[in-house]
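To start, the structure under review is shown below, and the notes come after it.
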Number of protein chains: 2
Amino acid sequence: MLKLSRKTEYALMALRHLSGKSAGELTSSKEIAGTYRIPGELLAKTLQQLAREGIVETVQGPHGGYRLKANLNLINLSDFIELLEGPVALTDCSIDNNCSQIMTCTIRTPIHRINEKMKEIFSNTTLAEVMQ
Amino acid sequence: MLKLSRKTEYALMALRHLSGKSAGELTSSKEIAGTYRIPGELLAKTLQQLAREGIVETVQGPHGGYRLKANLNLINLSDFIELLEGPVALTDCSIDNNCSQIMTCTIRTPIHRINEKMKEIFSNTTLAEVMQ
DNA sequence: GTTTAATCCGACTAAAGAAGTCGTATTAAT
DNA sequence: ATTAATACGACTTCTTTAGTCGGATTAAAC
């Protein structure tokens, strides 16, 4: 049904939350999870992933937490989704050629065309725009 | 990862196969499944669904089968996908409001905007175009 | 230095959805 | 009557997603 994963939704909500804080201010994963009723452990893992990717910055220990690191105007939604859930693709054959129907498939090319258009939408949307 | 279901892929391949036949000619589900190595039962069920929706026409009994009924220029991909897999929606809240985060969610509006753009692509593509 | 409150991270379990199979009924040509 | 097709619901299996758990690390506060 072409849905985003919860992980991606949670990540976007968290980034939006962080972008509302003043520069340098730290926010705990717990605060965010509590505010939006997101399962704590899951959000924590997601934020850790964003940290590894350099999108947020972390400080450990008591009074630690997360804050924005990257400029959200410079990250597009396509890259962001691919970071969290892998390739944006309507079909597996947009990713690799390990499809048993590859020789006989008659709809590859048109599907690819549509796939490209879809990716374009995501590519042309920055995270900053999603925060608005 | 925003994928189409196999059912949708199979349906498109089947329609493409049928659209290559001469007007009125019948093709069995088995022939199509064999040609593209699609699990027979699954394709059969899918074709039956397309028949109920008036997209193909069926003739039962020996020498029976399927043939195109609808004009593929007049059916857009959005409606077609929704027929087979339900609403095209990046998030559940694009479909209904049964989301526990509904009161606090901060990304609803921007996600809806993107969702609309995505649906537009599908709406502006006819099945006939996918057959090319 | 012990406690505490936070991140870190892999492994596991549970739930949901998608894909595929099966059995039985119906239809209609031969 | 037989046969080759569709019709369709119920079931099973597989894959992916979502969520949980346990234990480690870090660093502030006491």
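Below, chain A is the first sequence line, B the second, and so on; all start at residue 1.
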Open item on the list: Test of understanding: clusters of I, L, V, M, F, W, Y form through side-chain heavy atoms closer than 4.5 Å, transitively. Do A:I121 and A:M131 belong to the same one?
Closed with: yes

- [ ] Quickly work out the A:L2 CG to C:dG17 C1' distance and round it to whole Å.
- [x] 14 Å

Task: Per A:S28 side chain, nearest of listed nucleotides C:dA6, C:dG20, C:dC8 - done: C:dA6

TODO: To the nearest Å, give me how far apart CG (A:L50) and P (C:dC9) are.
DONE: 13 Å

- [ ] Between C:dA29, C:dT21, C:dG20, spot the one nearest the side chain of B:E41, thanks.
- [x] C:dT21

- [ ] Please state how far atom CD1 in B:I95 lies from atom C1' in C:dG17, giving the value in whole angstrom units.
- [x] 13 Å

- [ ] For A:K21, look at atom NZ and say whether over 12 heavy atoms of other residues, nucleotides or ligands are found less than 6.0 Å away.
- [x] yes

Pairs under 3.5 angstrom, nitrogen or oxygen only, protein versus nucleotides 11-13 of chain C, please.
residue	atom	partner	partner atom	Å
C:dA11	N6	A:K45	NZ	3.2

TODO: To the nearest Å, give me how far apart CD (B:Q60) and C1' (C:dA25) are.
DONE: 10 Å

Open item on the list: Counting C-beta onward and ignoring hydrogens, is there a side-chain heavy-atom pair between A:L50 and A:L84 closer than 4.5 Å?
Closed with: yes

Open item on the list: By nearest heavy atom, map A:P62 and A:R6 onto DNA chain D; which one lands nearer the 5' end?
Closed with: A:R6

TODO: Write down the distance between NZ (B:K3) and C1' (C:dA19), rounded to a whole number of angstrom.
DONE: 15 Å

Task: Distance test, side-chain N/O of B:Y10 to OP1/OP2 of C:dG20, below 4.0 Å - done: yes

- [ ] Could you tell me whether the phosphate oxygens of C:dC9, OP1 or OP2, come under 4.0 Å of any side-chain nitrogen or oxygen in A:R52?
- [x] yes

Task: Bounds of contact between DNA chain D and chain B, in 5' to 3' order, using a heavy-atom cut-off under 4.0 Å - done: D:dT3 to D:dA10

TODO: Send over the distance from B:L84 CG to C:dG17 C1', rounded to a whole Å.
DONE: 16 Å

Task: Polar contact flag, side-chain donor to acceptor under 3.5 angstrom, A:Q49-A:T46 - done: no

Task: Whole angstrom value for the distance that separates P of C:dA19 from CD of B:E85 - done: 8 Å

Open item on the list: Does either side chain, that of B:E9 or that of A:T91, offer a donor lying less than 3.5 Å from an acceptor on the other one?
Closed with: no

TODO: Look only at the side chain of A:Q132 and the backbone of B:P110, and say whether a donor-acceptor pair between them is shorter than 3.5 Å.
DONE: no

- [ ] Return the set of residues passing ring pair (Phe, Tyr, Trp, His ring centres under 6.0 Å) with A:F122 (not counting sequence neighbours), or none when no residue passes.
- [x] none

Open item on the list: On DNA chain C, compare the nucleotides closest to A:G61 and B:P39; which residue's is nearer the 5' end?
Closed with: A:G61

Open item on the list: salt bridge (Lys or Arg N to Asp or Glu O under 4.0 Å), that's the test. Do A:K117 and B:E120 meet it? Break it down for me.
Closed with: CA-CA 11 Å; A:K117 285 190 196 170; B:E120 223 168 87; over 6 Å; no

Open item on the list: Could you check whether any side-chain N or O of A:S28 sits under 3.5 Å from a backbone N or O of A:E31, counting only pairs where one atom can act as donor and the other as acceptor?
Closed with: yes

Task: Length of the NE2-C1' vector between A:H63 and C:dT3, whole Å - done: 13 Å

